[in-house]
Structure formats: C-alpha cells, structure tokens
**Student:** 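The structure that follows is given in the form of structure tokens.
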Protein chains: 2
Amino acid sequence: MGKLDFAPIADTTRRAEIVALLRRAILTGQLEPGQKLNELRIAEQMRVSRAPLREAMRELVQEGILTSIPYAGTFVIDVTAKDIDDAYSLNKVLDEFAIELTWPLRDQRFFDELDRRHEAVKQATRDRDTTRQIETALQLHGLIHEWADNSVLLETWQRLTSRLQMYFALHQRARKEPVPDEDIHETYVRLLKGADMRAAQSHAREHIGLDFEELLAYARSLEQRDSKGAKADRAGPTRNRPEAS
Amino acid sequence: MGKLDFAPIADTTRRAEIVALLRRAILTGQLEPGQKLNELRIAEQMRVSRAPLREAMRELVQEGILTSIPYAGTFVIDVTAKDIDDAYSLNKVLDEFAIELTWPLRDQRFFDELDRRHEAVKQATRDRDTTRQIETALQLHGLIHEWADNSVLLETWQRLTSRLQMYFALHQRARKEPVPDEDIHETYVRLLKGADMRAAQSHAREHIGLDFEELLAYARSLEQRDSKGAKADRAGPTRNRPEAS
DNA sequence: GAGAAGCAGACTGTCGACAATCTAACAAGA
DNA sequence: TCTTGTTAGATTGTCGACAGTCTGCTTCTC
C-alpha cells in the first residue's frame, strides 16, 4: 500500500463553525470588549438554534475571551491595563521557556518555516492590512511554541495569544496611522537562526517589551476615559465571575 | 452606611453544579482516563436534561480534562507519560515565576495562610485520606500562584493543576500502601518564609522533581502494559482532536 | 468460509417550546 | 421626594423530541 498520509477531514458540526465565527469576530474587534451577546439575535442571524450557539459560547468562556453571568448574559471580556500587563509578563516567561525547548530541535524545516512566516508578516505590512499583520506576527512568534514539542505549553500560549490578539486589535483599530513597524522581526529571526540561545531569549524579552509599552499606555488611557463617566452601552458586569472552584 | 462587604451569592444554575460534579468525579479518578461519557445515562442519573449537561461538558473539554470527538462521544483525557512530563516541566517554570512575583508581596497574612494550608496537608496525612492529601498539597502549592497577583498566571496554573491532580489520583489509586510522604513540605514552607528567593525557587524545582519521577515511571509502566494488547473497554479515540484552529 | 452490502440499534447533534430569572418602568405610600 | 411593592417585557436556563451519524451485526454473494 502507498505511504500517502491523508489529513483528517474537517470537523463538520455547527458548533465548531460557530466557535470559529465568534472567535474571529471577537479577535478582530468586530465585537467590542464588554459587549453583550444576545443569544436570540445571533442565533437568528446565523440561522442556527440556540443550543449549538450556547455550547459554542461555553467553549469561548473557558477559552477566556468571553465571560458569563448567570441569567444576565454572556459578554466579551473587558480589557484592563492590568490584564495586559499580566498577560505580557507571563508571555515573556513562556517565550523564554519555548526557546529553550526549541533550541536543540531546530533543523532546516524549522528555518524554512521561520522564513515563510516572516515573509507573511512582511507581505501583510506591505498590504497595509493591520488585522492580518497582527495575525501573522503572532503566528511568527508562535513557531517556537509549536516546535517546542510540549503540548501543554502550546495550549497555554494559544490561550494567551487569543487575549493578546484582542488587545492588539483594539489598539490598532484606535490609532490613526495604519501601521509603521517596518521590520522589527528581522533581528528576532536572525537570532533564532544563530548560535547564541541567551541572546535570542533576551531579545525576545526586549522586543516584546516594546510593543507592549505602547499597548499598555493605550489601555491606561482607555481606563481613564471610562472612569470619568460616559460608560456608554457597554454593560459592565458587576457581579462575580462564573468560574466556580 | 456600614462597611460590611457581602460575598457574592453562589451561582445556582444546573450547569454550574454539573460542572462541579463531573470535575470532581474526574479528578478523583471515579471516572477513569479514556472512559466515555454517555450523555443519556449521566443525564438520567443526575435527573437533568442533556442540554445543561452538554454545556457543562463543553466547559470541561476546554478545561482540558475531557476530549470530544464529533458524533463519537466525549471522553476523559488519556494520560500519557509525555503529557505528565510536559505538564511538570511547564509547572516548574510557572512555580519559579510565581515565587518571583509573590516574594515582595509576602506579609503576615501570607505566612498565616501558608501555615494553615500546610497544617491541612498534615491533617490529611494523619487521616490516611489520600484523595484529600492530594487536594491539600496542591492547594498548598497553589498559594504562591494566588498571591502573585497575576490573574493569567493563576488561571494557567489552575488548568495545569487539574491535569496534575488527575495524574496523581491515578497514581495513588494504583499503589498499594496508602501514602508515606511524611513531611516533604516542611522545607518548602520554611524557605518561603525565609530571605533567600533563589533557594526557594530551586527547592520548588527539586521537590517537585521527586514526586514527578515516581509518577512518570508509573505512567510509563501503564503505557507498556497497554501497548501489549488488552486495551479493555477504554475506547481509544483514534481520530483528530476537536480543537479547530 | 471470506468479503461486501445492507440493516437495525444506540448515540450524538440540533431544534422549537416552556419555565425561571432579571430589568426597568410604573404606581402607592410615608 | 424618596422609598417600596408591582408588573410587563425581554432574556437566559432547561426540557423533550426529532434528525443525522456511527457501529456492529446480519445477510447475501461468490
């Protein structure tokens, strides 16, 4: 028999597609932080009953980008400066760990994939497609986590990434100029190809820190604005989180 | 008006209670790894319809202790030696980070809570209650993550803990003698109260390593046994994970 | 007897309807 | 005018039933 490996066919349940749709809507900022998701309306728009929609929402709640309050509703999570700070500081630790694990596993296929993803970022930058630029940049950074051969690490990073992507989208959407960021990733890629692991680790930490400071400042300005009243329609969940212990 | 703070009342939806029930059943080993969860049977036993049960199961899938295959069923995750290895190595990194964050925040309340949880472990040990011993030991180790004031870290650790608790339960259930482990935590607690952060960090790494080796050896022996046939009724999910990208 | 086609049976996925709960507007009383 | 009780509307939580899919057995053919 032939040695051809077939890729598994796509999961074809309504629930899975709803999850993908909702996740994309949230991560690209089409659904704003704090916004309430009306089950009936969304179900009608998607031509789906509420059952699979609700199951999809439960998944996204556990994924950390939605939050649910019993009998009140399900909301897109609110972005606080502290959340961003927390996520980034943990991300640094994970990056360092991922580089350590990936380092001895690097091979030609790794370098090729690294270049491919780097090229995708540059392409998105040329196209002035900010949404895609965020996506591709995160995919570039995700390579070390995928390559590290530690499923728990990968899973953790992906969860963190969801949130970071949300924050970035919020940020990018807010600022006027589409995007400057010419080629910050150049050094990152070069170091990952090099021989000095420590250098790669500390650069990852530095580099991430840069975008971060700007994002954090933006988040803080948002909070200042919000706290001065004018809370708009973004219903503020005031009760406890649904996560039981 | 008075300054009394009321705690938020308990979330009282069937779904939340089902989640708690199922999680406990899985973490204590009442539901074995690989076992399939029959929706109809469980729903009848709990006197609940399938809707909230299914939603609860979606949450636990995202929590990482169940795995779902469309049109085939939902299963308790299988424990592989690699999973344990992955989880533990990440756990070390997280512990180190948590100690770093917690260190400057330690105060009298921290030390009191530390002693309280340490005492709970010793009590469970005296009672020869292995399940509770696992629970309390993990709670003791969780304190640094709770105290670190980083919600993302805490969430990540709790997710990891779920899995570790499962593995521990499996292990404890298997070995004959109830439990030796007199007071390994004594040093850990003392170092956390001390002045040398590095020492505390490296001890956390060492200490965790101990239990780990034993657990890992057990997992490997399990896999050897399984691969020699006799796969029992534990239906092995052979298709792809449901997690779409 | 071996292998393919077809056929129940069981189970998961989805739907529409009902029950429980919350919110906000309104009325009544001090 | 402020507080409290009431009520209607909207929304979420739950239920029972139906449809789609998989699995294992049976049957038929060679």
Side-chain angles (χ1 to χ4, degrees), chain A residues 1 8-22 31 34-62 66-76 231 233-244, chain B residues 1 8-22 34-62 66-76 231-244:
Chain A
M1 31 178 115
I9 65 171
D11 294 336
T12 174
T13 74
R14 297 195 197 288
R15 183 182 68 237
E17 296 202 30
I18 295 171
V19 167
L21 268 177
L22 280 182
L31 286 171
Q35 188 173 349
K36 176 174 174 179
L37 277 66
N38 185 311
E39 297 179 1
L40 210 53
R41 182 158 55 236
I42 296 179
E44 282 174 0
Q45 289 178 354
M46 291 188 179
R47 305 290 180 81
V48 175
S49 83
R50 283 174 55 220
L53 172 62
R54 281 173 60 86
E55 291 185 18
M57 287 164 85
R58 284 323 135 220
E59 291 192 20
L60 294 177
V61 165
Q62 284 307 104
L66 290 182
T67 177
S68 162
I69 302 176
Y71 292 107
T74 305
F75 307 81
V76 180
K231 294 183 180 175
D233 58 341
R234 294 170 38 189
T238 49
R239 286 166 51 181
N240 60 316
R241 290 280 192 86
E243 303 147 333
Chain B
M1 25 177 123
I9 65 171
D11 295 335
T12 173
T13 73
R14 296 195 196 289
R15 183 183 68 239
E17 296 202 29
I18 296 172
V19 167
L21 267 178
L22 280 182
Q35 188 173 348
K36 175 174 175 178
L37 277 65
N38 185 312
E39 297 178 1
L40 209 52
R41 181 157 54 237
I42 296 179
E44 281 174 0
Q45 289 178 356
M46 291 188 180
R47 305 289 180 83
V48 175
S49 83
R50 285 174 54 219
L53 172 63
R54 282 174 60 87
E55 291 185 17
M57 286 164 83
R58 282 326 131 214
E59 291 192 21
L60 294 177
V61 165
Q62 283 309 104
L66 289 183
T67 178
S68 162
I69 302 175
Y71 294 106
T74 305
F75 307 81
V76 179
K231 293 183 179 174
D233 59 341
R234 295 171 37 190
T238 48
R239 287 169 47 182
N240 60 316
R241 289 282 192 84
E243 301 147 332

**Student:** Taking side-chain contact (heavy atoms from CB on, under 4.5 Å) as the test, write out the residues that go with Leu40(A), two or more places apart.
**Tutor:**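 Leu40(A): side-chain contact (heavy atoms from CB on, under 4.5 Å) contacts with Asn38(A), Glu44(A), Arg50(A).
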
**Student:** Would you say that Thr74(A) contacts Arg58(A) through its side chain, given a criterion of any heavy-atom pair below 4.5 Å between the two side chains?
**Tutor:**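 Yes, side chains in contact.
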
**Student:** Does the side chain of Met46(A) reach to within under 4.5 Å of the side chain of Leu22(A), using non-hydrogen atoms?
**Tutor:**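 Sidechains of Leu22(A) and Met46(A): in contact.
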
**Student:** What nucleic acid atoms does Leu37(B) come within less than 4.0 Å of, heavy atoms only: base, sugar-phosphate, or nothing?
**Tutor:**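 Contact class for Leu37(B): sugar-phosphate only.
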
**Student:** Which part of the nucleic acid does Arg14(A) contact within heavy-atom distance under 4.0 Å: base, sugar-phosphate only, or nothing?
**Tutor:**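 Touches sugar-phosphate only.
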
**Student:** Answer yes or no: is there a side-chain heavy-atom contact under 4.5 Å between Arg15(B) and Ser68(A)?
**Tutor:**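 Heavy-atom side-chain distance check passes, below 4.5 Å.
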
**Student:** Starting from P on dT12(C), measure out to CZ on Arg15(A) and report it in whole angstrom.
**Tutor:**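 Roughly 12 Å, once rounded to whole Å.
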
**Student:** Figure out the CD/P separation between Glu55(A) and dT12(C), and round it to whole Å.
**Tutor:**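 After rounding, the reported distance stands at 12 Å.
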
**Student:** Show the nearest heavy-atom pair for residues Ala56(A) and Ile18(A), with the distance to one decimal.
**Tutor:**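 Between these two residues, the closest heavy atoms are CB-CG2, 3.6 Å.
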
**Student:** Measure from CZ on Arg54(B) to P on dC15(C) and round the result to the nearest Å.
**Tutor:**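 So the CZ-P distance, Arg54(B) to dC15(C), works out to 12 Å.
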
**Student:** Using a 4.5 Å cut-off on heavy atoms from C-beta on, say whether the side chain of Val76(B) contacts that of Leu66(B).
**Tutor:**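 Touching, per the 4.5 Å side-chain cut-off.
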
**Student:** Quick one: is Arg58(B) getting a side-chain N or O under 4.0 Å of the dG13(C) phosphate, OP1 or OP2?
**Tutor:**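 So the side chain of Arg58(B) is within the cut-off, an N or O lying under 4.0 Å from OP1 or OP2 of dG13(C).
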
**Student:** Using a 4.0 Å cut-off on heavy atoms, which residues in residues 39-53 of chain B reach DNA chain D? List them by number, or say none.
**Tutor:**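 Nucleic-acid contacts, sorted: Val48(B), Ser49(B), Arg50(B), Ala51(B), Pro52(B).
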
**Student:** Would you say dA10(C) has OP1 or OP2 under 4.0 Å from some side-chain N or O of Asn38(B)?
**Tutor:**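 No, because none of the side-chain N or O atoms of Asn38(B) sits under 4.0 Å from OP1 or OP2 of dA10(C).
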
**Student:** Round to a whole Å and report the spacing from CD1 of Ile69(A) to P of dT11(D).
**Tutor:**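 In whole Å, dT11(D) P and Ile69(A) CD1 are 16 Å from each other.
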
**Student:** Judged by each residue's nearest nucleotide on DNA chain C, which is more toward the 5′ side, Gly73(B) or Tyr71(A)?
**Tutor:**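 Between the two, 5'-proximity favours Gly73(B).
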
